[in-house]
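Before any comments, here is the structure.
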Amino acid sequence: MEKMNGNSGYKEYVAGLMAGIAIVITGHPFDTVKVKLQKHNTEARGIKYKNGLHCAARILKTEGVKGLYRGATSSFIGMAFESSLVFGIYSQTKILLQGGPDGGKPQPQAIVPSAAFGGAIISFILCPSELVKCRMQVQDADSVVPSSSRYGGPLECALKTVKCEGITGIFRGGFTTLLRESFGNAVFFSTYEYVRYHLHLQRKGASSESSQLIDIGVGIMSGGLGGIACWSAVLPLDVAKTIIQTTPEKNHTRNPFRVLKSIYARSGLRGCYMGLGPTIVRAFPANAAAIVTWELSAKLLGIKRDFN
């Protein structure tokens, strides 16, 4: 398994930041489709999309490619810092709990709490940026939001939110984000570590010439499968977060379980998993890109990772 220099420190955070940029470039269009499905297809009024392809086609028709990247500015900022922290905290905390670098089979008693801790920390940064992102994403031509109430950009969205709802308004959906990130990261890193470990067992004996290509292939598979496992587990919480953050009523419940109960009563289990298609389609390439970028960046930064 992987062995890391004890003095890698800040370099893990830099590598994580690069991974976050890769996630946004690769996955934001899918995320926009997901958010629109979650917002519009769970409401009692407004347009209903047939599926993810219908939603994407409508965005391209009414807004062009830039519509798929609506809200990407705040997403870049939030995801860059989020990934920097979550990868750095995860790596350093795991070493601490293990009492040293990895030396064999993944240790769930170190992986799960390290990933959950990293997820909990980054939720405080991610919540405001995702609130702005989601509100920007849903104010398109199909939105029931009146033109006079729409935002000219991410900064205006953030300022108006604070002005109308107070400083706590920008953290609307914070508890739901914390639950999603803690549980989701625990699932993601557990899947990533185990898939990578078993794939690297199969690569023993491979020629050095093909080693780098194999490493990239392992990163694609472990990161992609980790992303699918993560989002399959936390999508209902993500649906609840979208509703909580984009509902204009100030007194709307912020309890994710009450929101999901309401959605289930109106739309059944399908409503709780609204946006599953584009989310799963996005999960593999976005998280594969993140892991490959993270591992390649770490190598370029001189972080030693060797496998037994």
Side-chain angles (χ1 to χ4, degrees), residues 20-80 126 128-158 160-161 173 180 224 227-228 231-232 234-248 263 267 270-290:
I21 293 173
I23 289 177
V24 178
I25 293 173
T26 309
H28 192 83
F30 298 101
D31 185 70
T32 298
V33 173
K34 178 204 71 175
V35 169
K36 288 181 183 295
L37 286 171
Q38 291 175 344
K39 174 64 175 176
H40 295 302
N41 282 25
T42 57
E43 287 185 330
R45 57 200 176 107
I47 188 170
K48 305 292 182 187
Y49 300 110
K50 296 175 182 177
N51 49 47
L53 285 175
H54 176 224
C55 180
R58 214 180 145 73
I59 294 170
L60 289 171
K61 181 180 179 180
T62 58
E63 302 179 74
V65 175
K66 69 177 183 180
L68 291 172
Y69 279 92
R70 184 181 289 275
T73 303
S74 64
S75 190
F76 265 115
I77 296 170
M79 189 61 73
L126 193 58
S129 71
E130 284 215 349
L131 180 140
V132 172
K133 172 187 72 69
C134 287
R135 291 188 175 187
M136 292 296 296
Q137 285 173 321
V138 300
Q139 62 167 23
D140 61 355
D142 296 331
S143 176
V144 295
V145 177
S147 299
S148 59
S149 300
R150 297 185 183 185
Y151 308 108
L155 181 59
E156 182 184 336
C157 177
K160 280 190 174 181
T161 298
R180 187 195 70 176
I228 289 175
W231 282 102
S232 297
V234 302
L235 190 60
L237 285 172
D238 188 65
V239 173
K241 183 192 73 68
T242 296
I243 299 303
I244 291 169
Q245 291 187 325
T246 58
T247 300
I263 293 173
S267 308
R270 181 180 180 182
C272 296
Y273 277 88
M274 189 60 63
L276 179 63
T279 299
I280 294 300
V281 171
R282 166 189 181 270
F284 193 97
N287 287 280

**Message:** Within this structure, what is the NE2-NZ distance for the pair H54 and K36, rounded to the nearest 0.5 Å?
**Reply:** 12.5 Å
**Considering all heavy atoms, the nearest Y69-V24 contact** = CE2-O, 4.2 Å
**Prompt:** Nearest heavy-atom pair of T242 and Q38: which atoms, and what distance?
**Reply:** OG1-OE1, 2.6 Å
**Request:** Taking only Lys NZ, Arg NE, NH1 and NH2, and the carboxylate oxygens of Asp or Glu, determine whether E130 and R135 approach each other closer than 4.0 Å.
**Result:** no
Would you tabulate the side-chain donor-acceptor contacts of residues 281-288 under 3.5 Å, counting partners in other chains and residues two or more places apart, or write 'none'?
{"residue": "R282", "atom": "NE", "partner": "G27", "partner atom": "O", "Å": "3.0"}
{"residue": "N287", "atom": "ND2", "partner": "A283", "partner atom": "O", "Å": "2.8"}

**N/O donor-acceptor pair under 3.5 Å between T26 side chain and I23 backbone** = no
**Prompt:** Can you name the nearest heavy-atom pair linking T32 to G67, along with the distance?
**Reply:** CG2-O, 3.7 Å
**Request:** Decide yes or no for Y273 and T279: does some side-chain heavy atom of the first lie under 4.5 Å from some side-chain heavy atom of the second?
**Result:** no
**Request:** Any chance you could measure L276, atom CG, to D238, atom CG, to the nearest 0.5 Å?
**Result:** 11.0 Å
**Message:** Tell me if the CG atom of L60 is crowded by more than 12 foreign heavy atoms within 6.0 Å.
**Reply:** yes
**Message:** For a quick test of reading the model, state the closest non-hydrogen atom pair linking G275 to L235 and the distance between them.
**Reply:** C-CD2, 4.2 Å
**Request:** Measure across A22 and A289 and return the closest heavy-atom pair with its distance rounded to 0.1 Å.
**Result:** CB-O, 4.0 Å
**Over all atoms of both residues, closest heavy-atom pair of V33 and A56** = CG2-CB, 3.9 Å
**Request:** Answer yes if the side chains of Q245 and K241 hold a donor-acceptor pair under 3.5 Å, and no otherwise.
**Result:** yes
**Message:** Is any side-chain heavy atom of R180 closer than 4.5 Å to one of L126?
**Reply:** yes
**Request:** Rounded to the nearest 0.5 Å, what's the gap from CD1 on I263 to SG on C272? Could you check?
**Result:** 6.0 Å
**Prompt:** Is the closest side-chain heavy-atom distance between K133 and D31 below 4.5 Å?
**Reply:** yes
**Fill in**
Rounded to the nearest 0.5 angstrom, the OG1-OH distance for T161 and Y151 is 4.5 Å
**Request:** In sequence, state the C-alpha distance, the side-chain angles, and the governing distance for V138 and C134, and then conclude on side chain to side chain contact (heavy atoms under 4.5 Å, CB included).
**Result:** CA-CA 6 Å; V138 300; C134 287; 5.5 Å; no
**Message:** Please enumerate all residues that pass side chain to side chain contact (heavy atoms under 4.5 Å, CB included) together with A158, with sequence neighbours excluded.
**Reply:** V132, I170
